Structure formats: C-alpha cells, structure tokens
Novice: 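Here you go, one structure.
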Amino acid sequence: MIAEIGHFALVLALALAIVQSIAPLVGARRNDAALMGIAGITAPAQAGFVALSFAALTACYVTSDFSVANVFENSHSTMPLVYKITSVWGNHEGSMLLWVFILSFFGALVAFFARNLPPSFKATVLAVQAWVAVAFYLFILMTSSPFARLAEAPFEGRDLNPILQDFGLAVHPPMLYLGYVGFSISFSFAVAALIEGRINAAWARFVRPWTLVAWMCLTLGIAMGSYWAYYELGWGGWWFWDPVENASLMPWLVGTALLHSAVVMEKREALKIWTVLLAILTFSLSLVGTFLVRSGVLTSVHTFASDPSRGVFILCILIVFIGGALALFAWRAPLLRQGGLFAPVSREGALVLNNLFIVTACATVFVGTLYPLALEAVTGEKISVGAPFFNLTFGPLFIPLLLIVPFGPLLAWKRADLAGVSQRLGGAFVVALLGIGATLALNGQPVLPALGVGLAMFVMAGAVTDIVERTSLLRAPLGTVMQRARGLPRSSWGTALAHFGLGVSLLGIIGETQWGAERIVTLKPAEKVSIRNYDFIFDGSVNRTGANYRETVAKFTVRHNREVIGVVEPSKRTFPSRGSSTTEAALMTRGFSQLYVSLGDQNADGSLAVRIYHKPMVLLIWLGAVVMVLGGGLSLSDRRLRVGAPRSAKSHAKSSASMQPAE
Amino acid sequence: MMLALVLALMMAAAIFAVLWPLSRGRETVPAGAAGASDVAVYRDQLEEIDRDRHAGTIAGPEAKAAQIEVSRRLIAAAQSADTTGTADNVIDNRWRRRITALAALVIMPAGVAVMYLALGSPGLPGQALSGRMEAREQTSLPAMIARVEAHLEKNPEDGRGWEVVAPIYMRLGRYDDAVRADRNVLKYLGETSARLGDLGEALVSQANGIITDEAKTLFEKIVASDSADPRAQFYVGLAAEQDGRFSDAAKTWRALIAQAASDAPWVPAVREPLGRVDRANKQANGAPPSGATSGPNAEDVAAAAEMPAAERDRMVRGMVERLSARLHDDGSDVEGWLRLMRAHVVLGEKDKASAVAADARRAFKGAPDKLRQIDDGAKSFGLGG
C-alpha cells in the first residue's frame with residue numbers, strides 16, 4: 001500500500017505541475033491575481049506530494065519491500081539501515097525521484113521567499129519551474145518509475161552495488177543534485193525575465209543567493225565525489241577527467257562565472273544580458289550533466305540506443321529546454337534594457353575577463369567530454385580523450401585566470417587604477433617569490449612546480465591583501481582596524497575566504513601531482529617496504545565478517561625514521577550477494593599529507609600485492625574546497641542589499657579611460 | 001479499501017490546492033505593480049548607502065556617486081510605475097476562473113485516475129520483509145495444521161481434511177488426535193484396508209506400542225479380507241508376540257516374508273523381531289532364563305495370561321520392581337531403563353516414569369550417546385526432554 005501511495009502522490013504532483021505551468025502564466029499575461037496566486041499554493045503542494053512519494057520509497061527500502069522492483073534490484077535485507085536509506089538514491093530511478101524532490105522543494109521555497117517580487121514575475125518564475133518539473137515527472141513516470149511492482153515478491157534483494165555502500169557516496173549525489181537543481185532557480189528567473197521582457201531591480205538579489213547555494217552544494221559535492229574516488233577506488237587518484245566528473249565540473253565552472261556576473265548585476269545593474277545567458281547555460285549544463293550520468297550514454301553510446309524510450313525522452317528534454325531557452329534568449333534578449341557603463345579596467349572589467357576565461361575553460365571540457373561520444377556515435381571509432389588533453393587545454397586557461405584573481409577584489413567599481421592595485425599587491429608578489437625560492441631551495445629542479453607554488457601563494461596572499469587593505473591593517477591603529485574589520489560586510493570576508501581556498505586547493509594539487517611517490521610491491525608476512533623514510537612492515541592478514549560482506553584485512557606497522565607511528569589496516573571486501581568486491585584503502589594522515597595503502601590480489605604462496613603511496617599536501621585539495629564553501633556561506637549570510645559604490649569621475653580625473661557599454 | 005480512501009483524500013488535497021487560491025485574492029493586480037516593486041528596491045538601496053556611509057564602510061564621495069546612480073534608476077522606475085498597467089476585464093477573469101476550477105474538479109482527477117490506473121498496481125499489497133517472514137511461517141507445519149483444524153471445525157464432515165491431517169498428527173506424535181482423525185476418515189470416507197490399518201497403527205502408537213484389543217481386532221479384520229496386506233500381518237504377528245504366543249508370531253512373520261518380493265524394503269524390519277521370537281521360543285523350550293535379561297519370560301507371560309486382572313497387575317508390578325532394583329544396582333543397561341520407563345507409562349504412572357528417566361540420565365552422565373538414547377526414548381513416551 002505504501003508503494004502505491006508514493007506512486008499516486010507522484011502522479012498528483014505531475015497534475016499540479018501541469019496546472020502550475022499554465023494557469024499562473026495565463027494569469028500573469030491577463031493580470032489576474034487569482035490565477036497567478038495558484039502557483040503560490042501548488043508549488044508547496046507539489047513539494048508535499050513529492051516528499052510523500054520519496055518518503056514512501058524510503059519506507060519500502062527500510063522495510064525491504066521487495067514487491068517494489070526498484071527495492072528488489074538495489075537492496076538486501078541484511079544491509080545496514082543507513083545503506084538501505086542511501087540506496088534509495090543509489091540507482092537511476094531513485095536518484096531521479098531525489099532530483100524532483102529537491103526541485104519541488106526549491107520551488108516551494110521560491111513561492112515562500114519571493115514575496116517582494118512583482119506578482120506577475122513570481123507567477124512566471126514558478127510556471128517555468130513547473131515546466132521543468134513536468135518534464136521530469138513525465139520522464140520518471142513513463143520511463144523510469146521507482147514504483148514498478150513485482151506480483152511475487154522475491155525473498156531476497158540483489159543488493160546495492162558494494163562500491164556504493166559507503167558514506168561518501170551516501171552524501172555525494174544529494175549534494176550534487178542540490179547544486180544542479182539549485183541552478184534551475186536561476187534558470188527559471190532568467191527565462192521569466194525573457195518572457196516578461198524586463199529585468200526588475202530585485203532580480204539579481206534573488207538570483208545571487210540561489211546561485212550561491214547551488215554553487216556551494218556543487219562544490220562540496222564535487223569535492224566529496226573526488227575524495228570518495230580517492231579512497232574507495234584504490235588507485236590513489238583524485239581526479240580522472242572522467243566524463244562523469246566532467247559532467248559535474250562543467251556546471252560548476254559556468255556556475256562560478258554566473259556567481260561573479262550576478263554580483264556585478266546586483267551591485268551595478270550591469271552585465272544583465274550576459275548574466276541571463278549564463279543562468280541559462282549553467283542549468284543547461286546541469287541537465288546535460290544529469291543525463292550524461294543517468295542515460296547510460298557514458299558507459300557506451302550503444303547502451304543509450306538499447307533503451308530507446310529513455311534515451312529519446314532525454315534527448316527531447318534537452319532539446320526543448322536548452323534549445324527553447326536559447327531561442328527565447330535570441331528573440332527576447334534585445335528587449336532587455338542595457339545596464340550601467342564601466343571602463344575596461346574596473347572591477348566589472350575584471351569580472352568579465354574572469355567570465356571569459358571560465359567559460360572558455362568550460363568549453364574545452366565540453367569538447368573533450370562530448371567529442372569522443374559524438375565520434376563514436378557517428379563513425380563507431382572509439383577514442384579516449386584523457387588527462388593529457390585537459391592538462392594541455394584546461395591548464396593554460398586557468399593559469400591566467402588564477403593570476404587575475406587577486407586583482408579583482410582590489411579594483412574599484414566602474415573605473416580603476418591598475419598601477420595602484422599592482423602596487424598594493426606588492427606584498428603578495430613578494431610572498432609568491434619567496435614561495436618559488438623556498439621550493440627551489442628545498443626540491444631543486446624542475447622549475448615548473450615551483451612556479452605553481454608561487455602562483456598558489458600569490459592567490460592566497462592576494463586574498464589576505466584584500467582584507468588587509470580594507471581594514472587598513474598596516475596603516476591605522478589597531479582599534480580602528482578592529483572597528484573596520486567588524487564593519488566590513490560579511491560578503492567581503494566571504495570573497496577573500498573563497499579566493500584563499502582556491503589557492504589552498506591549487507597548492508594541494510601541485511603537491512600531490514609533482515611530489516607524490518608510489519611503490520607497488522608483493523609482500524610476504526614480516527617483509528618490509530619503504531617509501532620516503534616511511535617503513536611498512538607487513539604483519540599478516542586476517543579474515544573478518546561484516547554485516548553483508550567478508551573481508552581480508554592486512555595489517556601493516558608503519559615506522560617513520562625507525563619509530564613506530566601507527567598501524568594501518570587496508571582490506572578487500574567481498575560481497576557474496578553481488579559476487580563482487582571492493583578495496584578499502586587505508587589512509588594515514590601526517591599533517592596535510594597522507595600515506596595511502598591499498599591491497600591488490602593475494603598470491604598462492606601467501607604473498608600480497610600492495611600499492612603504497614605518499615601523497616604530500618593531498619588533503620589541501622579538499623580542504624581548499626571546504627574553505628571555498630565556507631566563504632560562500634559567509635557571503636550567503638550577508639543579507640544586506642548590495643550596492644557597488646562607483647569610483648566617481650571627479651576623483652579620477654586623470655584617467656582618460658573610455659567608457660564601454662556593459663554588453 | 002483503506003488504500004482507496006487514502007488516495008481519495010490525497011486527490012481532494014490536490015484539488016483543494018488549486019481551488020483555494022482561486023476563491024480568494026483580489027480580482028486584479030494594481031496597475032504598475034512591477035514598477036512599484038522596483039521603486040521599493042531602490043528606496044531600500046538608498047537607505048543602505050546611507051547606513052554604510054554612517055558606518056564608514058564607504059567613503060563620502062563614493063556614497064554620493066552611488067546615491068546619484070540609484071536615484072536615477074529610482075526615478076525611471078517610478079515613471080514606469082505610473083504609466084504601465086492594462087485595463088482589466090473583470091468578466092473575462094470570471095470565465096477564466098470557472099474554466100480553471102472545472103479543470104481542477106474534472107480534468108485533473110480524471111487524468112490522474114487514468115494515468116495512475118495505467119501505471120500503478122493498486123491491487124498489489126505491500127510485502128515488507130517482516131510480512132513476508134510471517135507469510136513464510138504460515139507455510140510452516142503448525143500454521144498449516146492450524147488452518148486445517150480451523151477448516152475442520154467448521155466442516156467436521158470433510159473426510160478428506162481428516163485424511164490430510166491424520167498422518168501429520170502421527171508424525172508429530174499427537175496420537176490421540178491421530179486416532180480421532182482416522183476414526184473420522186473411516187466414518188466419512190468409508191472403510192478400506194489401508195484406512196483400517198492407519199487407525200490400528202495410531203491406536204498402537206497411542207498405547208505406547210501395546211497392541212490393544214481394538215487394534216488387534218482391526219488388523220485381524222484386514223488380514224481376513226485382504227491377506228496380502230503386509231502391515232496388518234506384521235501387527236498380527238506382533239500382537240501374538242505380545243500375548244506370548246511366540247510360535248504364532250514366528251509363523252505369521254515367516255509367512256509374511258515368504259510371500260514378500262525379495263527386495264521388499266520392509267523385510268529386514270520383520271526379520272529382526274522374528275529373530276527375537278525365535279530366540280524366545282528356544283528359551284521357552286529348553287534353556288533356563290539367563291539372569292542378564294530379566295524381562296517377562298514365556299512362562300511368566302503364559303501364567304499371566306491365565307491370571308485374573310488384579311493378579312496379573314500385581315505380577316507386572318513385581319516384575320517392574322525387580323527390574324528397578326537391578327537397574328539401581330547396575331545402571332549400565334540402556335534397554336533395561338527404557339523398558340522400565342515404558343512399563344511405568346503403560347501402568348499410567350507418568351511421574352514415576354519421569355523419575356526413572358531422571359535416574360537413567362544420572363547413570364549415563366558420562367556417556368553422551370547412551371544419554372541421547374535415553375532422551376529419545378523419554379521423548380517417544382511423551383515424557384518430554
């Protein structure tokens with residue numbers, strides 16, 4: 001009965017979404033308050049029904065109701081409760097339900113919080129939101145229903161893919177989806193602005209926090225997925241330029257650009273049309289990302305073709321939403337009023353430059369990800385575009401971007417003095433040079449990693465400089481500094497923190513890729529292997545039994561310069577119900593660096609293949625992401641209105657910078 | 001039924017979500033609402049700049065420039081607020097709302113019902129693991145018996161039902177019930193030698209292996225009508241043995257073996273007691289009774305057969321006491337203990353039988369396989385573990 005209630009609730013949500021996608025729009029065009037008001041009730045009602053549906057599916061998982069095909073295929077009665085719950089979204093059907101659950105939840109939030117938007121605009125936004133919802137409800141109900149039933153419930157389920165039975169994977173997809181779906185709000189706002197033919201003053205004020213929330217979730221989601229791949233897949237890598245990863249990186253990149261251009265728009269009413277376009281692109285890439293992962297197109301273009309109903313449906317959704325939104329943009333964007341003016345050298349100018357670099361970087365990822373797929377679909381030829389391609393294209397685009405990051409926050413709005421800003425960044429330059437020098441002194445050649453360290457130092461020092469300048473730390477007495485620090489908007493602290501986090505991640509990436517060490521050996525008990533002054537003594541292995549798996553645990557005593565510093569226990573788990581196994585790497589953290597031990601196969605003579613890595617500064621990669629998210633959170637908590645005070649023309653009389661239109 | 005009610009309530013809630021906003025709210029939005037909300041935003045921004053200037057976050061000239069910019073936007077927004085806005089058609093609105101209400105009341109429920117009935121499986125109950133566990137228990141023996149018993153309670157004349165349940169009772173050791181069931185089978189389905197044999201066997205089991213008069217009569221009746229029934233012949237032989245007519249028993253069983261196909265699986269089962277009665281015959285005809293086995297010998301039994309009931313009872317008790325005394329002197333004879341237990345059971349002294357069982361267990365504390373024999377025996381006499 002519970003499964004049927006969930007199924008029915010989903011159909012009702014679809015019905016309400018259909019109503020919401022038509023009635024408010026008609027109301028907005030005919031200026032009918034009652035029809036527009038419908039969206040304000042149906043949006044939360046929809047969310048309620050989808051929540052009920054999601055709860056019903058969860059209940060089916062928790063009680064192991066294998067008469068629901070989806071539960072039978074992805075659960076097992078002996079699984080720990082937490083994985084019974086996480087397997088709700090550990091599969092295609094359930095994850096799509098989670099997707100619409102978040103979508104409808106955000107829709108309800110818009111209905112509640114968009115009170116001081118003009119009613120017709122609010123109605124249009126919610127109607128657009130409902131179009132997206134309708135497409136997804138239909139997709140779920142017609143092609144991937146999580147509530148399909150089996151007349152005779154099998155006694156035991158097929159179990160969740162063991163590799164997914166992990167806490168990281170339990171949290172990773174919801175975070176990603178929060179990000180993807182969060183961008184749907186900015187998409188709805190953008191499309192509504194195009195339909196209405198005008199962007200009202202509160203537009204950016206609403207779009208920015210949503211974008212920020214989505215961006216934070218996506219950042220965390222990507223970082224978590226990367227960390228999960230690092231410790232669960234057993235290869236010690238944290239980023240593979242895998243299409244699945246790229247699928248989440250692309251919306252993140254464009255979302256970052258959107259975040260910055262939305263700031264310009266909110267503070268300066270400039271870059272309006274560009275921001276609208278970015279909002280459309282960001283959500284389009286989120287859709288592409290969702291479907292790249294969900295359609296099976298990535299495993300092979302042939303699996304995509306083997307399930308035509310699902311594949312064609314996906315293609316239709318992509319074409320309608322991306323094509324439709326872009327066509328609407330081409331048609332209606334000229335109606336939008338141009339924004340404010342600014343000089344090329346200004347905060348706005350720097351943000352435009354940032355946007356250009358980011359969007360270009362995203363385009364290279366897009367090509368690198370989709371070109372092999374397109375080629376395989378057309379000619380049947382399989383090529384693999386891997387790390388070398390991305391390192392050669394993405395890297396060179398990101399280096400200048402990172403170079404200008406410290407400049408941005410220091411530039412004044414409207415028109416700025418580049419020489420002055422460079423001067424103020426002198427300290428940061430010195431720090432960067434010291435970093436390069438120290439790296440060369442410690443590690444010697446080659447020079448490139450040292451330059452990388454210098455760049456990371458520059459980004460971090462630049463972020464600190466921003467705060468130092470704003471609080472006049474080095475010029476004013478301490479009391480004044482404290483007062484200014486308190487008076488500084490939290491969004492400024494957030495900016496500095498997020499930029500600092502970017503430098504931290506960069507430092508981690510350079511450390512791990514340039515100075516990592518690896519040993520692959522076969523060990524018998526009591527044998528020893530050494531890596532970077534760390535000795536691993538293999539003490540032997542034992543077998544253990546978990547809730548739904550058996551594992552072979554190897555024990556290593558770790559010594560550093562002859563002193564015992566601990567014991568690591570990597571293991572290999574075998575899950576009989578799926579007949580598959582996972583590698584549980586053992587990690588030992590030393591400062592920001594990690595020792596990584598992962599097991600290979602056991603040989604007949606009792607010896608064990610072992611991979612051991614030393615990964616210097618590897619934790620900084622994810623720590624940087626966390627710092628970025630904290631920065632985003634600080635900025636989000638700043639609920640003040642944002643007005644960017646321009647540098648007035650009089651105070652800048654010497655500058656003969658010519659004014660440029662915003663777009 | 002429950003499901004239908006819940007779904008109907010959900011449907012009602014969905015309809016309400018559409019109808020409620022239709023029933024309230026102003027007829028139209030005031031003209032120029034969009035411009036008005038812009039004006040509000042710019043006013044807030046001006047206040048914000050003021051606050052920032054006082055707090056010292058932005059310098060005076062910059063604040064002034066910002067104020068000028070925002071004021072310019074404010075004026076533009078205020079102008080558009082005055083000019084925009086369309087004339088409203090109230091009658092038009094009323095029709096639109098009626099159509100929407102109709103859609104919510106008719107089209108939406110109909111569409112939802114059609115779609116759900118096409119996709120869903122309202123007739124399928126949920127089968128949570130715990131529920132399926134119960135279902136599995138219900139296919140277990142006690143649950144099946146309970147179901148059959150409930151059925152027979154209502155239809156006591158269903159001979160087939162009794163026929164199904166009788167062998168299960170036998171297997172479970174519920175001999176009283178088995179006897180009752182077999183009697184009902186005979187009553188409602190009629191007599192066949194197989195059914196009579198079943199009843200006889202149940203009676204023997206009920207009497208702890210003693211062939212009662214009734215059982216004996218039954219088996220003799222079967223043999224009379226169908227001399228080829230080996231089971232009945234076996235029991236007739238057993239009855240003869242128990243009556244002490246060893247030669248009769250031997251004769252019956254020998255005939256049984258002679259007529260059997262050489263590969264009949266029950267032949268060994270007959271040979272074994274046959275050997276026993278042959279030995280007893282020899283003893284009765286010559287050799288004195290050995291002290292080791294002090295069971296009732298042929299003379300005792302023959303004598304007993306001629307005694308009046310009370311006297312026979314006394315003799316049996318005497319034998320039991322002899323056996324008991326011997327076992328308490330030397331408790332290593334498993335067969336002896338079992339025989340003593342059975343004797344007490346036959347005499348209707350269940351607690352004494354239990355006491356014997358306890359003594360036997362004490363005697364065999366160190367010998368697990370013998371202990372198991374005692375336990376099995378005690379269980380088969382209905383003395384519990």
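Protein chains get the first letters and strands the later ones, always in sequence-line order, with residue 1 at the start of each. For the numbers below, each heavy atom of this structure counts, side chains included, while hydrogens, waters and symmetry mates do not. Given the structure is predicted, the values throughout are model-derived calculations rather than measurements.
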Novice: Look up atom CZ in A:Arg30 and atom CZ in B:Arg96, then write down how far apart they are to the nearest 0.5 Å.
Specialist: 6.0 Å
Novice: Contact part of A:Val71 toward chain B, heavy-atom cut-off under 4.5 Å: side chain, backbone, both or neither?
Specialist: neither
Novice: Taking only residues two or more places apart in sequence, or in another chain, which ones meet B:Asn184 in a side-chain hydrogen bond (donor to acceptor under 3.5 Å, both in side chains)?
Specialist: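 Once residues adjacent in sequence are excluded, B:Asn184 has no partner under the side-chain hydrogen bond (donor to acceptor under 3.5 Å, both in side chains) criterion.
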Novice: Under 4.5 Å from any heavy atom of chain B, what part of A:Val19 do you find: side chain, backbone, both or neither?
Specialist: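 When you check distances to chain B, only side chain atoms of A:Val19 fall under 4.5 Å.
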Novice: Using every non-hydrogen atom in the two residues, find where B:Leu22 and A:Leu35 come nearest and quote the distance to one decimal.
Specialist: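 For B:Leu22 versus A:Leu35, the nearest heavy atoms are CD2-CD2, 3.6 Å.
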Novice: Go through the atoms of A:Ala45 and report whether side chain, backbone, both or neither lie under 4.5 Å from a heavy atom of chain B.
Specialist: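 Interface part for A:Ala45: side chain.
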Novice: Report which part of A:Leu52 has an atom under 4.5 Å of a heavy atom belonging to chain B: side chain, backbone, both, or neither.
Specialist: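 Contact with chain B: side chain only.
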Novice: Could you work out, with ring-ring contact (aromatic ring centres under 6.0 Å, His included) as the rule, every residue matching A:Phe8, not counting sequence neighbours?
Specialist: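 Partners of A:Phe8 by the ring-ring contact (aromatic ring centres under 6.0 Å, His included) criterion, ordered by chain and then number, come out as B:Tyr116.
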Novice: Quick one: closest heavy-atom pair of A:Arg149 and B:Ser121, and the distance?
Specialist: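 Taking every non-hydrogen atom into account, CG-OG, 3.6 Å.
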Novice: How about B:Arg160: does its CZ atom have over 12 heavy atoms from other parts shown lying under 6.0 Å from it?
Specialist: no
Novice: Select one option (side chain, backbone, both, neither) describing which atoms of A:Ile5 are under 4.5 Å from chain B's heavy atoms.
Specialist: both
Novice: Would you please go through residues 4-17 of chain B and name the residues with a non-hydrogen atom below 4.5 Å from one of chain A, in numerical order?
Specialist: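 When heavy atoms of chain A are the reference, residues 4-17 of chain B contributes B:Val6, B:Leu7, B:Met10, B:Met11, B:Ala13, B:Ala14, B:Ala17 within the under-4.5 Å range.
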Novice: Measure the CG-CE distance between A:Leu14 and B:Met108 for me, rounded to the nearest 0.5 Å.
Specialist: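 If I round to the nearest 0.5 Å, the distance is 10.5 Å.
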Novice: Checking B:Thr100 against chain A: side chain, backbone, both or neither under 4.5 Å from a heavy atom?
Specialist: side chain
Novice: Evaluate whether atom CG of A:Leu141 has more than 12 neighbouring non-hydrogen atoms of other residues, nucleotides or ligands under 6.0 angstrom away.
Specialist: yes
Novice: Taking side chain to side chain donor-acceptor pair (under 3.5 Å) as the cut-off, I'd like each qualifying pair that reaches into residues 15-27 of chain A, sequence neighbours left out, listed once.
Specialist: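 Of all non-adjacent pairs touching residues 15-27 of chain A, those that pass side chain to side chain donor-acceptor pair (under 3.5 Å) are A:Gln20-A:Thr42, A:Gln20-A:Gln46.
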Novice: Contact part of A:Ala148 toward chain B, heavy-atom cut-off under 4.5 Å: side chain, backbone, both or neither?
Specialist: neither
